[in-house]
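One structure below.
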Amino acid sequence: MAKKSSARSAHKPNNDSDPRVAAMLAGVIYQARLVNRQSKLNIPEQEVISDVVHLYRVVREELARET
C-alpha cells in the first residue's frame, strides 16, 4: 500500500519556482515604480528591487521555520 502524504505537505507550494511568486514580486516592483513617479520621489529602482527581494527572503525564511 502506498504512503499517503499529509495534507500540509501536499499543498505546500515550492516558493522558489512558483510563477505566482515571481508575478507577485513583479507587481510589487511595478507598484513601487508608479508610486515613485506619482510622488516625484527619486528612489533608485535598484534600491526598490533590493528591498522587495530582501522582504521576500525574510518571509520565505519565516515560513520555512513554521514547517
Side-chain angles (χ1 to χ4, degrees):
M1 188 157 112
K3 290 184 180 180
K4 293 182 181 178
S5 62
S6 68
R8 187 173 193 173
S9 65
H11 297 291
K12 183 179 175 187
N14 183 355
N15 291 332
D16 291 335
S17 63
D18 193 346
R20 292 175 293 182
V21 173
M24 290 177 69
L25 291 174
V28 168
I29 292 168
Y30 179 75
Q31 288 292 330
R33 286 180 188 163
L34 291 178
V35 170
N36 194 12
R37 283 188 204 134
Q38 290 172 348
S39 302
K40 299 190 190 296
L41 300 173
N42 291 322
I43 300 170
E45 186 173 329
Q46 187 59 36
E47 185 177 332
V48 171
I49 293 170
S50 176
D51 287 347
V52 169
V53 170
H54 173 70
L55 289 172
Y56 166 72
R57 288 179 179 155
V58 168
V59 170
R60 187 178 67 187
E61 288 171 7
E62 286 298 319
L63 290 174
R65 280 191 212 172
E66 291 180 5
T67 58

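We count residues from 1, following the sequence as given. What you are looking at is a predicted structure, and each value in this text was computed from that prediction instead of being measured.
- The hydrophobic cluster containing Val48 does not contain Val35, counting ILVMFWY residues as joined when their side-chain heavy atoms lie under 4.5 angstrom apart, directly or transitively.
- One distance of note links CD of Gln38 with CD of Gln31; it measures 8.5 Å at 0.5 Å rounding.
- Put simply, the side chain of Tyr56 does not reach to within 4.5 Å of the side chain of Val52, judged on heavy atoms.
- Atom CG of Asn36 and atom CD1 of Ile29 lie 13.0 Å apart (nearest 0.5 Å).
- Scored by the side-chain hydrogen bond (donor to acceptor under 3.5 Å, both in side chains) test, Glu45 finds Arg33 as partners (sequence neighbours excluded).
- Every residue two or more places apart in sequence or in another chain that forms a salt bridge (Lys or Arg N to Asp or Glu O under 4.0 Å) with Arg65 is listed here: Glu62.
- At a threshold of 4.5 Å between side-chain heavy atoms, the hydrophobic network of Ile, Leu, Val, Met, Phe, Trp and Tyr places Leu55 and Val53 in two separate groups.
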